[in-house]
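Working notes, beginning with the structure itself.
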Amino acid sequence: MEIGRCEDGTPWRLKVHGTHVLVAGATGAGKGSVIWSTIRGLLPAAGVGLAEIWALDPKLMELSFGRDLFGDHYAADPLACVELLEAAVKVMQERAGRFAGVRRTHVPTMEDPFVLVVVDEVAFLTAYQPDKGLRVRTIAALATLTTQGRAVGVGVLAALQDPRKDVLTIRNLFPDKIALRLDESEQVDMILGDGSRDRGALADHISPIPEQGAGIAYVRLETSPDPIRARAAYVSDDDIRDMVALFSADTLPLPEVA
């Protein structure tokens, strides 16, 4: 789906089906632009039953603004977030059982829609979660989804501010990575992989002035080691309100009855 523009003026198309995406950036770097542009791109598919967006919002700031878009697939409380992740694991495992020996890739249908699990500030559920039990369950569910989910149509889009490995120990399980503005040069390779900064991913040089730098990112895909510079579209509060009015769970069409 198109979520912005690349440096050369071509559309920035972010793939979320068949992969998992990690988005990292300092406060004000524009993680919301990536998240909401992705959600906006998926809403038409969700409107016809070919996709579902599951939202985990532990900060209660970003995704709550479009709360009605997610219906029952929204969680903010740490326990509710873990339970939603574990519910996604159950969907994944049930599909894997049915697909085994029948198919190796997922094609979205109304019976088996693509499920995108969006986690805003994943560190609130991992490194910053004081309850060890919830922390362990969160990491286990995320690890299961990111190692087994993409073949059966369950993807994860996770965002975080602190790229250190002890904040998210499973960051290498995300095939595709996006680095928005980062505070230190060393953080670039932490997110995009060794040698990325030497290849031109100067995420630590992106302007901290929102009008100049918000949404600018370096993207490294599983299929290419060379980072691409792009900028996500800005999604305003009014844009989100319009999305809710058009695509909220209460206004989506009911499935046809045979």
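Numbering starts at 1 and runs along the sequence shown.
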Problem - Gap separating the CD atom of Glu94 from the CZ atom of Arg98, nearest 0.5 angstrom - result: 4.0 Å
Practice task
Using the side-chain contact (heavy atoms from CB on, under 4.5 Å) rule, take Asp204 and Glu184 through it: C-alpha gap first, then chi angles, then the decisive distance, then the call.
Solution key: CA-CA 6 Å; Asp204 55 307; Glu184 301 172 4; 6.0 Å; no
Handout entry: Linked, directly or transitively: Val119 and Val23 (ILVMFWY side chains, under 4.5 Å)
Key = no
Handout entry: Verdict with supporting geometry, Arg150 and His106, side-chain contact (heavy atoms from CB on, under 4.5 Å)
Key = CA-CA 8 Å; Arg150 58 180 176 169; His106 173 262; over 6 Å; no
Completion exercise
The remaining residues in the hydrophobic cluster of Val82, counting side-chain heavy-atom contacts under 4.5 Å among Ile, Leu, Val, Met, Phe, Trp and Tyr, are Leu79, Leu134
Handout entry: No-hydrogen, no-angle side-chain donor-acceptor test under 3.5 Å, Ser224 and Asp226
Key = no
Practice task
Given side-chain contact (heavy atoms from CB on, under 4.5 Å), test Arg229 with Ile216 step by step and report yes or no.
Solution key: CA-CA 7 Å; Arg229 192 171 187 264; Ile216 294 177; 3.8 Å; yes
Practice task
Search all heavy atoms of Ala140 against all heavy atoms of Thr144 and return the closest pair with its distance.
Solution key: O-OG1, 2.8 Å
Handout entry: All pairs passing side chain to side chain donor-acceptor pair (under 3.5 Å) where residues 113-129 contributes a residue, at least two apart
Key = none
Handout entry: Atom pair CZ/CZ of Arg171 and Arg164 - distance to nearest 0.5 Å
Key = 10.0 Å
Problem - Phe70 to Leu63 - nearest heavy-atom pair and separation - result: CE1-O, 3.6 Å
Problem - Sole candidate of Leu56, Val122, Thr138 that passes side-chain contact (heavy atoms from CB on, under 4.5 Å) when paired with Cys81 - result: Leu56
Handout entry: Leu125 with Leu84, same ILVMFWY side-chain cluster at under 4.5 Å
Key = yes
Practice task
Output, in order, the C-alpha distance, side-chain angles, deciding distance and verdict of side-chain contact (heavy atoms from CB on, under 4.5 Å) for Ile206 and Leu202.
Solution key: CA-CA 7 Å; Ile206 296 173; Leu202 304 179; over 6 Å; no
Exercise for the section: Kindly indicate whether the side chain of Asp112, heavy atoms from C-beta on, has any atom under 4.5 Å from the side chain of Thr109. Expected result: yes
Completion exercise
In this structure, CZ of Phe247 is separated from CD1 of Ile39 (nearest 0.5 Å) by 13.0 Å
Practice task
Show the numbers, then the answer: is there a salt bridge (charged side-chain N to carboxylate O under 4.0 Å, His left out) between Lys90 and Glu86?
Solution key: CA-CA 6 Å; Lys90 289 182 179 178; Glu86 292 173 339; over 6 Å; no
Exercise for the section: Give the minimum heavy-atom separation between Val89 and Ala141, together with the two atoms involved. Expected result: CG2-O, 3.8 Å
Handout entry: Nearest heavy atoms of Ser37 and Ala233, plus distance in Å
Key = OG-O, 3.2 Å
Exercise for the section: For residues Trp12 and Glu2, determine if any side-chain heavy atom of one lies less than 4.5 Å from a side-chain heavy atom of the other. Expected result: no
Completion exercise
In this structure, CG of Asp57 is separated from CD of Glu62 (nearest 0.5 Å) by 7.5 Å
Handout entry: Residues Asp176 and Thr19: side-chain donor-acceptor under 3.5 angstrom
Key = yes
Problem - Gln187 (side chain) donor-acceptor with Asp183 (main chain) under 3.5 angstrom - result: yes
Handout entry: Set of residues satisfying ring-ring contact (aromatic ring centres under 6.0 Å, His included) with respect to His73, sequence neighbours excluded
Key = Trp54
Exercise for the section: Please check if Phe174 and Val115 belong to a single hydrophobic cluster, counting links between Ile, Leu, Val, Met, Phe, Trp and Tyr side chain heavy atoms closer than 4.5 Å. Expected result: yes
Handout entry: Nearest heavy-atom neighbours spanning Leu173 and Pro175
Key = O-CD, 3.3 Å
Exercise for the section: For Asp238, enumerate each residue passing the salt bridge (charged side-chain N to carboxylate O under 4.0 Å, His left out) test, keeping only those at least two apart in sequence or located in another chain. Expected result: Arg241
Practice task
Tell me whether Leu22 is reachable from Ile170 by hopping between hydrophobic residues (I, L, V, M, F, W, Y) whose side-chain heavy atoms are closer than 4.5 Å.
Solution key: yes
Problem - In one Ile/Leu/Val/Met/Phe/Trp/Tyr side-chain cluster, 4.5 Å: Leu85, Val154 - result: yes
Handout entry: Any donor-acceptor pair under 3.5 Å from Ser64 side chain to Arg67 backbone
Key = no
Problem - Listed partners of Phe114 passing ring-ring contact (aromatic ring centres under 6.0 Å, His included), at least two apart - result: His17
Practice task
Would you confirm whether Arg197, through its side chain, and Val188, through its main-chain N or O, come within 3.5 Å as a donor-acceptor pair?
Solution key: no
Problem - Side chain to side chain, Val21 and Lys177, heavy atoms closer than 4.5 Å - result: no
Handout entry: Test side-chain contact (heavy atoms from CB on, under 4.5 Å) applied to Ile53 and Val117, Leu43, Leu157, Leu69, the passing residue
Key = Leu43
Problem - Atom pair CG/CG of Leu182 and Leu192 - distance to nearest 0.5 Å - result: 7.5 Å
Handout entry: Backbone N/O of Val156 and side chain of His20: donor-acceptor pair under 3.5 Å
Key = yes
Problem - Arg220 side chain vs Ala201 backbone, donor-acceptor pair below 3.5 Å - result: no
Residues 25-33 side chain polar contacts: donor-acceptor under 3.5 Å, at least two apart:
{"from": "Thr27", "atom 1": "OG1", "to": "Gln161", "atom 2": "OE1", "distance (Å)": "3.2"}
{"from": "Lys31", "atom 1": "NZ", "to": "Gly25", "atom 2": "O", "distance (Å)": "2.9"}
{"from": "Lys31", "atom 1": "NZ", "to": "Ala26", "atom 2": "O", "distance (Å)": "3.4"}

Practice task
Examine distances only and state if a side-chain atom of Asp242 and a backbone atom of Asp239 form a donor-acceptor pair shorter than 3.5 Å.
Solution key: no
Exercise for the section: Of all the heavy-atom pairs spanning Tyr218 and Gly200, show the shortest one and how long it is. Expected result: CE2-O, 3.3 Å
Fill in the blank from the handout: The reported gap from CZ in Phe65 to CH2 in Trp36 (rounded to nearest 0.5 angstrom) is 8.5 Å
